[in-house]
Amino acid sequence: MTVQLNRRHFLGTAAAGAIVAGAASLRPKFAFAKDSFVNLDAMAQAELVRKKEVTSLELVEAAIGRIEAVNGKVNAVVYEAFDMARAAAKGKLPESPLSGVPYLIKDLDDVKGMRHTSGSRLFAKNISEKTSPVPESAIRAGMVVLGKTNTPEFGLLGTTEGLLLGACHNPWNLGHSTGGSSGGAAAAVASGMLPVAHASDGGGSIRIPASSCGLFGMKPSRGRMNIGLEMPGDIAVENCVSRTVRDGAMVFSLSEDAAPLKPVGFVSGPSKKRLKIAFNTMNYYGTEPHPDVKAAVEATAKLCAGLGHEIVEVKNPIDGREFIDAFLTVWASGPASLVALAKSKGLKPEDVLEPWTIGLAEFYAQKPKDAMQVSLAKFAEAEKAIDAFMANYDVWLTPVLNSPAPKLGEQAPTVPFKTLYERTIDYVTYTPIHNVAGTPAMSVPLGMSRDGLPIGSQFAAAKGGEGVLFALAYELEAAQPWAGKHAPVYAG
């Protein structure tokens with residue numbers, strides 16, 4: 001039986017010029033060697049297929065070769081569906097701007113016939129009987145799914161080092177976290193396995209690994225994508241992580257669904273409009289981030305000012321302690337349901353669920369009976385406050401995270417609950433508000449720490465404002481190109 005209980009579900013129950021030039025220089029007229037595609041983005045690869053210069057099968061075989069070359073070091077791909085991918089690539093693929101391109105799906109979503117664990121021992125042997133809506137949109141666009149990527153248990157942490165699937169290692173420094181919960185997707189792209197991969201975001205899970213691994217990652221507005229739920233309290237969205245802005249914009253355009261929001265379509269380049277950008281580095285607790293993060297985001301603000309945008313220093317409009325208690329109450333309601341599910345199956349929770357998951361369930365159990373209703377009311381207040389704040393600005397610039405990617409183990413699910421709780425709420429202090437408010441937000445890879453770890457800058461816009469963000473991202477990509485900067489562990 002297919003199990004459909006993942007983070008989105010239990011939250012629901014709880015309430016591009018440089019790249020084109022590079023692609024042309026790498027495109028011989030006839031045969032391609034196995035690694036000739038590694039530095040091409042997805043749109044460049046699809047163009048080769050469209051022009052019949054290569055076949056989708058050749059792209060798939062090359063991607064498989066790269067996965068086999070580097071996955072042993074990073075542990076990004078946790079389920080291989082190579083034969084299924086080969087069969088799909090040999091068949092007739094739908095026509096689209098990404099048709100024929102290899103793709104990976106995060107192991108929080110279903111793909112029919114593939115294992116779907118949600119990173120948990122509770123579902124270690126689960127095989128999907130259907131495909132989730134966003135992966136289905138990729139398949140309808142002719143993308144070829146090679147397998148599933150690593151994720152922490154139910155996407156509950158900002159790092160990817162679960163007990164079932166194992167630690168995912170950052171290609172920039174193997175001793176450090178990739179971020180989470182789309183850590184496997186980010187590690188796969190950053191290590192050159194493929195140019196773009198599916199990701200999802202319930203509290204920062206696209207932006208956190210994009211920042212940690214030096215990639216572009218856009219969290220769409222709430223309601224932009226059909227994720228198979230229409231329940232109050234669901235704050236998760238889906239899209240991808242990518243090396244180039246245009247790949248992220250194209251995957252977004254092929255995935256957006258009929259919704260209350262006006263469709264964006266494919267944003268193909270920058271805008272001439274100059275933006276009024278709110279800017280702060282202080283988090284909602286009133287403290288500043290790690291000096292390297294502060295310096296990186298201040299440099300981003302200067303870059304934007306140099307491009308003619310107006311930078312306005314502001315104070316964070318959210319009370320952090322009040323907000324995070326409401327957020328984690330809703331967040332913990334899912335683990336409470338999981339503990340109950342394990343017990344209903346006659347299983348000991350500690351045998352099939354991680355200590356962090358069980359700790360969240362206990363945290364929730366200690367809350368008053370009306371805690372969920374109170375927390376959802378706080379969500380509504382926070383959303384209203386952000387709507388009012390964003391009415392004064394085109395874009396809001398902040399850090400993505402409070403520090404560069406931590407060492408593996410520091411935020412592992414086995415760390416004592418109280419310690420991990422404090423480390424988590426300190427580390428992830430800029431991203432969850434945009435899930436609650438429903439606003440789009442992106443991580444743009446513009447900075448590096450003194451130790452050589454990527455640092456992203458977060459830009460947010462009002463609901464439905466993905467077009468503004470994509471246009472700005474193109475401008476930043478042209479001003480300070482990043483796609484050619486490769487991690488030390490890279491398949492090329």
Side-chain angles (χ1 to χ4, degrees), residues 70 73-74 76 157-161 167-180 182-183 186-187 189-192 204 206-217 241 243 279-307 311 313 316 397-412 415 422-431 441-459 473 476-477 479-490 492:
V70 298
K73 295 180 180 179
V74 297
L157 276 170
T159 185
T160 303
E161 42 191 305
C168 193
H169 299 262
N170 194 320
W172 291 89
N173 185 319
L174 295 176
H176 285 253
S177 169
T178 57
S182 306
V189 175
S191 64
I206 290 174
R207 293 156 289 158
I208 294 168
S211 176
S212 298
C213 295
L215 303 173
F216 174 72
V241 289
R243 285 202 299 265
F279 167 61
N280 66 279
T281 56
M282 188 176 289
N283 64 19
Y284 47 42
Y285 303 134
T287 60
E288 293 285 0
H290 186 284
D292 288 1
V293 172
K294 182 175 174 64
V297 181
E298 287 176 341
T300 296
K302 291 180 181 177
L303 174 62
C304 291
L307 293 170
I311 303 297
E313 293 195 33
N316 196 307
L397 167 62
T398 70
V400 177
L401 293 161
N402 205 38
S403 69
K407 292 181 178 179
L408 287 169
E410 290 181 3
Q411 296 188 25
V415 171
E422 291 299 327
R423 288 178 180 176
T424 298
I425 65 172
D426 178 66
Y427 181 53
V428 184
T429 62
Y430 299 94
T431 55
M442 64 183 181
S443 179
V444 184
L446 298 171
M448 295 289 286
S449 75
R450 286 169 288 183
D451 295 330
L453 291 167
I455 296 173
S457 294
Q458 178 173 247
F459 294 87
L476 295 171
E477 183 181 41
Q480 194 170 307
W482 58 74
K485 298 178 181 179
H486 298 150
V489 177
Y490 186 72

Say you draw a straight line from CG of Leu453 to CH2 of Trp172; how long is it, rounded to the nearest 0.5 Å? 9.5 Å
Partners of Asp292 by side-chain hydrogen bond (donor to acceptor under 3.5 Å, both in side chains), sequence neighbours excluded? Arg450
Set of side-chain contact (heavy atoms from CB on, under 4.5 Å) partners for Glu422, sequence neighbours left out: Arg321, Ile425
Side-chain donor-acceptor pair present, Ser443, Gln458, cut-off under 3.5 Å: no
Find the distance between OG1 (Thr178) and NE2 (His169) and round it off to the nearest 0.5 Å. 9.5 Å
Strictly distance-based, threshold 3.5 Å: is any side-chain N or O of Ser212 a donor or acceptor partner for the main-chain N or O of Ile208? yes
Donor-acceptor pairs under 3.5 angstrom involving side-chain atoms of residues 297-307: please list them, not counting sequence neighbours.
unit_1	atom_1	unit_2	atom_2	d
Glu298	OE2	Lys294	NZ	3.1
Thr300	OG1	Ala296	O	3.2
Thr300	OG1	Ser457	OG	2.7

To the nearest 0.5 Å, tell me how far Trp482 CH2 sits from Leu215 CG. 10.0 Å
How long is the gap from CG on Asn173 to SG on Cys213, to the nearest 0.5 Å? 11.0 Å
Asn283 side chain to Thr287 backbone, donor-acceptor under 3.5 Å: yes
Just by modelled atom types, is the Gly180 backbone N or O under 3.5 Å from a matching donor or acceptor in the Thr159 side chain? no
dist Arg207:CZ -> Met442:CE (nearest 0.5 Å) comes out at 12.0 Å
Name every donor-acceptor pair, under 3.5 Å, that has one atom in a side chain of residues 401-411 and the other anywhere in the protein, sequence neighbours excluded.
unit_1	atom_1	unit_2	atom_2	d
Asn402	ND2	Asp426	O	3.3
Asn402	ND2	Asp426	OD1	3.3

Between Ala187 and Pro171, the two heavy atoms sitting closest are O-CG, 3.7 Å
As an exercise, state the distance from CD of Glu161 to OG of Ser177, rounded to the nearest 0.5 Å. 5.5 Å
Qualifying residues under side-chain hydrogen bond (donor to acceptor under 3.5 Å, both in side chains), relative to Asn316, sequence neighbours excluded: none
Flag, side chain of Asn280 to backbone of Met282, donor-acceptor distance under 3.5 Å: yes
Are any of the side-chain heavy atoms of Phe216 and Val241 separated by less than 4.5 Å? no
If I compare all heavy atoms of Ser191 with all of Val70, which pair ends up nearest, and what's the gap? OG-CG2, 3.9 Å
Compare all side-chain heavy atoms of Ile455 with those of Met448 and state whether any distance is below 4.5 angstrom. no
Kindly say whether Thr281 contributes a backbone atom to a donor-acceptor pair with the side chain of Tyr430 at under 3.5 angstrom? yes
Sequence-distant partners of Thr431, side-chain hydrogen bond (donor to acceptor under 3.5 Å, both in side chains), two or more places apart: none
